[in-house]
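Here is the structure we will look at.
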Amino acid sequence: MTAATHGPGAVGTRGPVKVIGAGLLGASLGLALRGAGVEVQLADASPQALALARDLGAGDIPDPADTAAPSIVVVATPPDVAAVAVIEALRAHPGAVVTDVASVKAPIEEEVLATSRPAELDVSRYVGSHPMAGRERSGAAAAHADLFAGRPWVIVPHAGSAEDAVLAVRTLAADVGSAPVRMGASEHDDAVALVSHLPQLAATLVATRLVDAPEEALALAGQGLRDVTRIAASDPQLWSTILVGNAAPVAAVLRQLREDLDQLLEPLDRSAEHGPDAPGATGPLAQAVAAGNRGVERIPGKHGGAPRRYSEVTALVPDEPGALARLLAEVGEEGVNLEDLHLEHSAGQRVGLARISVLPAAAGPLEKALERRGWQVVAP
Ligand SMILES: NC(=O)c1ccc[n+]([C@@H]2O[C@H](COP(=O)([O-])OP(=O)(O)OC[C@H]3O[C@@H](n4cnc5c(N)ncnc54)[C@H](O)[C@@H]3O)[C@@H](O)[C@H]2O)c1
Ligand SMILES: O=C(O)C(=O)C[C@]1(C(=O)O)C=C[C@@H](O)C=C1
């Protein structure tokens, strides 16, 4: 795995950084910045959330009477309260650059610019942003310092953002291992409707089909179902706020999906009625799957470069404490970089399947090495 930070001394961000909203995103940022030697001040509307983030090492809770002025304030609250928090931060910290990490950008930008009177508030210090990094769990307990490593971080200046403020947010993103990408707010919102909000809803809809499914069917679930439903476990409150914030672009991509669904139903209904050899049934289905092949090929590799295929090495892991940690440690001892990891548990089995993604050249030697070390390696 890639280290999130470059260690103390190699970062450009001048602290302290104040993080408002110490949940998954805020605490992960705090952990990454502190790992890089940057001072982090935490704030949260929930005293318990704040204490948890502090206890996990994401930052300090400064004494208001004795606090150094932050150079950057990062608002990591839910999107519906982000604009108000940005405005309050611009007022409370007149020397600071202020950014937010909310998943939608245009409504927040509009609210900040509309609410602010330029005479009393310097909105040139506000630059919206959005790290394309996260997970299906909320709160500081799910945070980790590597969250941003290798992921795009969208920098979304408004027309009046000062270039030195843009640079400060870019530097912050780069300091936690992200790749900064500059975009306008609407361009960003259209893009995430397709690459983030549509997948969330697709996963949600597929998982919803499981709610009343028979236990016997669920017991057969394999990696395919797990691959497409991981993010269906996301926080309903956060996601409903994201979706209403980006309603028009999300509705537009959902309508396209509905058209695709209707086109799939036609050959299926024909086959169901006239049998699998019915004229005009197989062709459209093959075309639909082939179109998906072309789409998936276009998803960039995890470091934002060209798509790159990894090879999978699959090992059986006994369901006992420490077994997975031992396997991963041994992969490291073999000098192999773990590109990704999926765990599969079969109902009623006392073993799990650990699917380890590695560079293709490393797969064969790793399989042999793991077998030598006593692991049972199975065909992927
Ligand atoms: N979860 C993801 O995968 C992800 C990824 C990228 C960006 N984001 C964005 O990051 C932001 C935070 O998401 P999260 O997943 O960390 O949520 P979270 O629920 O884990 O954390 C949000 C925190 O904000 C606090 N909070 C709420 N209102 C507040 C207020 N008015 N002032 C101060 N604190 C307040 C909450 O108590 C909570 O601790 C959201 O805007 C979200 O759209 C989330
Ligand atoms: O990996 C995940 O769990 C995510 O879904 C993270 C994800 C995404 O869609 O990529 C989700 C929402 C955020 O706004 C940014 C990142």
Side-chain angles (χ1 to χ4, degrees), residues 18-32 41-54 56 58-59 61 73-89 92 98-108 111 128-144 146-154 156 173 176 178 181 188-189 191-204 226-246 249-250 253 299-300 302 304 340 342:
K18 179 171 181 177
V19 177
I20 302 176
L24 171 70
L25 265 284
S28 295
L29 182 62
L31 288 169
Q41 303 170 348
L42 297 172
D44 198 291
S46 154
Q48 277 79 30
L50 185 59
L52 177 62
R54 178 208 50 206
L56 293 173
I61 306 173
V73 179
V74 181
V75 170
T77 65
D80 55 334
V81 291
V84 170
V86 165
I87 291 164
E88 281 172 10
V98 179
T99 189
D100 71 287
V101 296
S103 307
V104 281
K105 297 276 56 104
I108 294 169
E111 196 179 333
S129 75
H130 180 201
M132 294 307 299
R135 52 191 304 199
E136 68 282 9
R137 292 172 56 202
S138 295
H144 59 98
D146 269 349
L147 190 75
F148 308 101
R151 309 303 300 268
W153 187 315
V154 194
V156 188
V176 294
S178 285
V181 182
H188 164 275
D189 289 357
V192 294
L194 179 66
V195 304
S196 178
H197 305 171
L198 176 68
Q200 175 61 51
L201 288 173
T204 295
R226 290 181 174 86
D227 283 351
V228 297
T229 55
R230 175 182 63 85
I231 53 178
S234 296
D235 179 2
Q237 193 174 339
L238 174 64
W239 270 97
S240 55
T241 314
I242 294 172
L243 294 169
V244 293
N246 204 22
V250 172
V253 288
I299 301 174
K302 73 174 187 177
D340 210 342
H342 286 102

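Start at 1 with the first residue, then count along the sequence. Order of listing sets the numbers, starting from 1, for every ligand and every atom in it.
- In this structure, atom 33 (C) of ligand 1 lies nearest to the protein heavy atom Ala45 N, 3.3 Å.
- Proximity to Ser196 (heavy-atom distance under 4.0 Å) selects the following atoms of ligand 2: 8 (C), 9 (O), 11 (C), 12 (C).
- At least one heavy atom of Pro131 sits less than 4.0 Å from an atom of ligand 1.
- Atom 21 (O) of ligand 1 has as its closest protein heavy atom Gly23 CA, 3.2 Å.
- Comment: Lys105 engages Asp100 in a salt bridge, judged by a side-chain N to carboxylate O separation of less than 4.0 angstrom.
- Atom numbering of ligand 2 starts at 1 in the shown order; those under 4.0 Å from a heavy atom of Arg135 are 2 (C), 3 (O).
- Polar contact with ligand 2: absent for Trp239 (N/O pair, distance under 3.5 Å).
- Among all protein heavy atoms, the one lying closest to atom 8 (N) of ligand 1 is Ser103 OG, 3.4 Å.
- Nearest protein heavy-atom contact of atom 36 (C) of ligand 1 is Asp44 OD1, 3.4 Å.
- Between Arg151 and ligand 2, no N or O atom pair is found at a separation short of 3.5 Å.
- In terms of protein heavy-atom proximity, atom 12 (C) of ligand 1 is closest to Ala76 O, 3.2 Å.
- Nearest to atom 10 (O) of ligand 2 among the protein's heavy atoms is Met132 CE, 4.1 Å.
- Heavy atoms of Ala133 approach ligand 1 to within less than 4.0 angstrom.
- Where the criterion is an N or O separation shorter than 3.5 Å, residue side chain and backbone included, Arg137 fails it with respect to ligand 1.
- Ring-plane geometry between Phe148 and Trp153 is classed as tilted, the angle between the planes lying from 30 to 60 degrees on a 0 to 90 degree scale.
- Near Ser46, with a cut-off below 4.0 Å to any heavy atom, the atoms of ligand 1 are 37 (O).
- For atom 44 (C) of ligand 1, the closest non-hydrogen atom of the protein is Leu25 CD2, 3.5 Å.
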